[in-house]
Amino acid sequence: MTKEYEKPTETFRPTNKRNAEETTSAYAGSLSTTGRLMSYNDQLKESLKRGIYFTKVLDELINTDDKNILLESVMTLTDYRLDTAYLIFPQQYSRADYYLIFLNRLLQLHQNEQVILQSSDHQNELYHEFPGINMEGYFTFKIDENMREGAYYVDKSTGARLFYINFKRQLIRFNSQALTDLLVVDYSEKFDYKTVKRFEAYLVAIGKYFKEDYGFDVDFNLLDASNNASYQISSADEPREALDKLFIISADAGYMLVAGESGRAVLQLKNNVIISILRQAEHADLNNASWVIKVHDEDHKVAWFDILYQYEFIKDWYLDNLTSLAIKSDERFF
């Protein structure tokens, strides 16, 4: 919640809200004390009405079972200015807090409220705590002053921005670097795969619900388990040196990296999971082709994230060669 406000000293002045002729007739010749008091009272009434409307919208955010009303209410609250020059509400939730409350309500409507909404008296804010990770992960939303339309879901202890959400533009973008640094590097040393996988599934569920319920454009990045997902590599150069290294360490691990069609490198893993690294062009435009990693499995359940956790030699290879292999995120937001 936001910090308490000191009520500023007010100088009351008449407004133009009342009919000018009535005001002139009633308080002719000067701005009388009565006129000033009437003006103040009118402004105070408007401020109270504004507060009552706010509580109505907050009721909707807390209680509605209608997903569309839920979205409308959070969009209203994140842009709402409750305070006026005549009335200050000292105890308020912040814009970031409303994003957290909304996520919990959306997950609740899907009967999938895994994350716990907590309140920090020390930080004076709400935060998310995920069972199994607990206080190792302290998740809040952060409003970037340069991009105030949306918000970043961040791990506050590290500053890792896991995803960006924008209600007005109806999009969600996941951040490859933050997911790698936090989930793959940091959490792999502290938690088992099942715990981290549950957290990853929670993040995927958020994107899925926004996509299915509201039609949001969602880029899951390295969390995307669909076979048509292409994880674009940030570097435009062919990762030849990295591929040579993969050939060697794959053989040491009992796998064989082979050359496939159109110059792609193909690595077949257990359970018919196939990794391909290739140069791929959008709309057959070879001049704008980029290098991508693709993962294919029969059930569309394995993402690049899973590969990094399930195969130690691939994780080490990827992390050691991030300069040439790092998965690209949407540059407009990260």
Side-chain angles (χ1 to χ4, degrees), residues 107 110 112 114-115 130 132-133 137 153 155 160-165 171-188 191-212 216-234 239 242 246 250 253 255 257 264-278 280 290-322 325-330 333-334:
L107 292 163
H110 282 275
N112 190 24
Q114 301 178 57
V115 70
F130 193 83
I133 294 175
Y153 192 68
D155 172 56
R161 301 182 296 176
L162 300 183
F163 66 83
Y164 172 80
I165 185 169
L171 61 81
I172 293 179
R173 294 291 184 267
F174 283 90
N175 183 5
S176 169
Q177 180 178 344
L179 294 171
T180 300
D181 291 344
L182 189 65
L183 274 64
V184 178
V185 177
D186 189 11
Y187 285 179
S188 67
F191 310 108
D192 59 28
Y193 173 63
K194 289 183 178 179
T195 299
V196 183
K197 181 62 179 177
R198 285 197 300 270
F199 181 70
E200 181 258 0
Y202 152 72
L203 294 176
V204 171
I206 291 173
K208 176 183 175 183
Y209 298 151
F210 273 97
K211 188 173 184 177
E212 295 179 351
F216 272 42
D217 177 11
V218 182
D219 177 8
F220 291 95
N221 206 278
L222 56 81
L223 306 182
D224 193 342
S226 62
N227 286 345
N228 62 353
S230 294
Y231 313 108
Q232 184 177 348
I233 294 174
S234 297
L246 181 59
S250 296
Y255 299 94
L257 182 69
R264 71 177 61 197
V266 179
L267 181 64
Q268 183 160 348
L269 303 171
K270 297 177 182 178
N271 301 317
N272 294 320
V273 175
I274 299 173
I275 297 174
S276 300
I277 303 171
L278 64 148
Q280 180 173 276
S290 56
W291 285 90
V292 301
I293 298 174
K294 296 179 70 70
V295 177
H296 183 279
D297 67 293
E298 295 177 353
D299 299 320
H300 295 256
K301 291 183 178 180
V302 180
W304 184 238
F305 163 82
D306 300 296
I307 297 296
L308 295 177
Y309 252 93
Q310 293 172 1
Y311 294 90
E312 190 75 21
F313 77 94
I314 295 180
K315 182 182 78 171
D316 291 342
W317 168 74
Y318 179 70
L319 296 178
D320 289 342
N321 294 276
L322 281 176
L325 294 174
I327 304 301
K328 186 176 183 179
S329 300
D330 194 324
F333 309 110
F334 304 106

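Taking both residues in full, the closest heavy atoms of L183 and Y309 are given as O-OH, 2.5 Å, listed atom of the first, atom of the second, then distance. Of all heavy-atom pairs spanning I275 and W304, the tightest one is CD1-CZ3, 3.8 Å. Taking all atoms of both residues into account, the shortest heavy-atom contact from V295 to V302 is CG1-O, 3.6 Å. The shortest non-hydrogen separation linking S188 to K315 is OG-NZ, 3.6 Å. Considering all non-hydrogen atoms of both residues, I274 and Q268 come closest at CG1-CG, 4.2 Å. The two residues D224 and S226 come nearest to each other via the heavy atoms OD1-OG, 2.8 Å.
A donor-acceptor pair shorter than 3.5 Å can be found between the side chains of K294 and S230. At a cut-off of 3.5 Å, with distance as the only test, a side-chain donor of N112 or Y209 sits close to an acceptor on the other residue.
Residues L162 and L182 form a side-chain contact, since some pair of their non-hydrogen atoms from C-beta on lies under 4.5 Å apart. Within the 4.5 Å cutoff, side-chain heavy atoms of Y193 are placed close to those of Q310. At least one side-chain heavy atom of I293 sits less than 4.5 Å from a side-chain heavy atom of I233. In this structure the side chain of L222 reaches within 4.5 angstrom of the side chain of T180, judged on heavy atoms. Between L107 and Q114 there is no side-chain heavy-atom pair separated by less than 4.5 Å.
Between F130 and Y202, the gap from one ring centroid to the other is short of 6.0 Å. Taking the six-membered ring where the residue is Trp, the centroids of Y255 and F313 are separated by under 6.0 Å.
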I307 vs L269, side-chain contact (heavy atoms from CB on, under 4.5 Å): CA-CA, chis, key distance, verdict: CA-CA 10 Å; I307 297 296; L269 303 171; 3.9 Å; yes
Stepwise side-chain contact (heavy atoms from CB on, under 4.5 Å) test for Y311 and K270: CA-CA 10 Å; Y311 294 90; K270 297 177 182 178; 3.5 Å; yes
CA sep, side-chain torsions, deciding dist, call: N221, N175, side-chain contact (heavy atoms from CB on, under 4.5 Å): CA-CA 7 Å; N221 206 278; N175 183 5; over 6 Å; no
Criterion side-chain contact (heavy atoms from CB on, under 4.5 Å) on I133 and T195, from CA distance to verdict: CA-CA 7 Å; I133 294 175; T195 299; 4.1 Å; yes
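Ring planes of Y187 and F191: perpendicular class, angle over 60° (limits at 30 and 60°). Using cut-offs of 30° and 60° for the angle between ring planes, the F216 and F210 rings count as tilted.
Every side chain to side chain contact (heavy atoms under 4.5 Å, CB included) that E212 has, sequence neighbours left out, goes to K208.
A donor-acceptor pair under 3.5 Å is formed between the side chain of S234 and the backbone N or O of A326. Between the side chain of S329 and the main chain of S176, a donor-acceptor pair closer than 3.5 Å is present. Judged purely by atom type and a 3.5 angstrom limit, N321 has no side-chain atom pairing as donor or acceptor with the backbone of L325. H296 contributes no side-chain N or O that, together with a main-chain N or O of N227, makes up a donor-acceptor pair within less than 3.5 Å.
Environment of CD in Q177: sparse, with no more than 12 heavy atoms of neighbouring residues, nucleotides or ligands closer than 6.0 Å.
Just one residue in the list Y153, F174, F333 forms a ring-ring contact (aromatic ring centres under 6.0 Å, His included) with Y164, and that residue is F333. Test I327, V184, L203 against L179 for side-chain contact (heavy atoms from CB on, under 4.5 Å) and you get one pass: L203.
From L223, atom CG reaches atom CZ of F305 across 7.0 Å, with rounding to the nearest 0.5 Å. In this structure, L246 CG and L257 CG are separated by 5.0 Å, a value rounded to the nearest 0.5 Å. One finds the CZ atom of R173 at 10.5 Å from the CZ atom of F220 (value rounded to the nearest 0.5 Å). Distance check, rounded to the nearest 0.5 Å: CD1 of I206 to CD1 of I165 gives 8.0 Å.
Under a 4.0 Å N-O distance rule, the pair K197/D306 qualifies as a salt bridge. At a threshold of 4.0 Å, the pair K211-D217 does not count as salt-bridged, since none of the basic side-chain nitrogens sits closer than that to a carboxylate oxygen.
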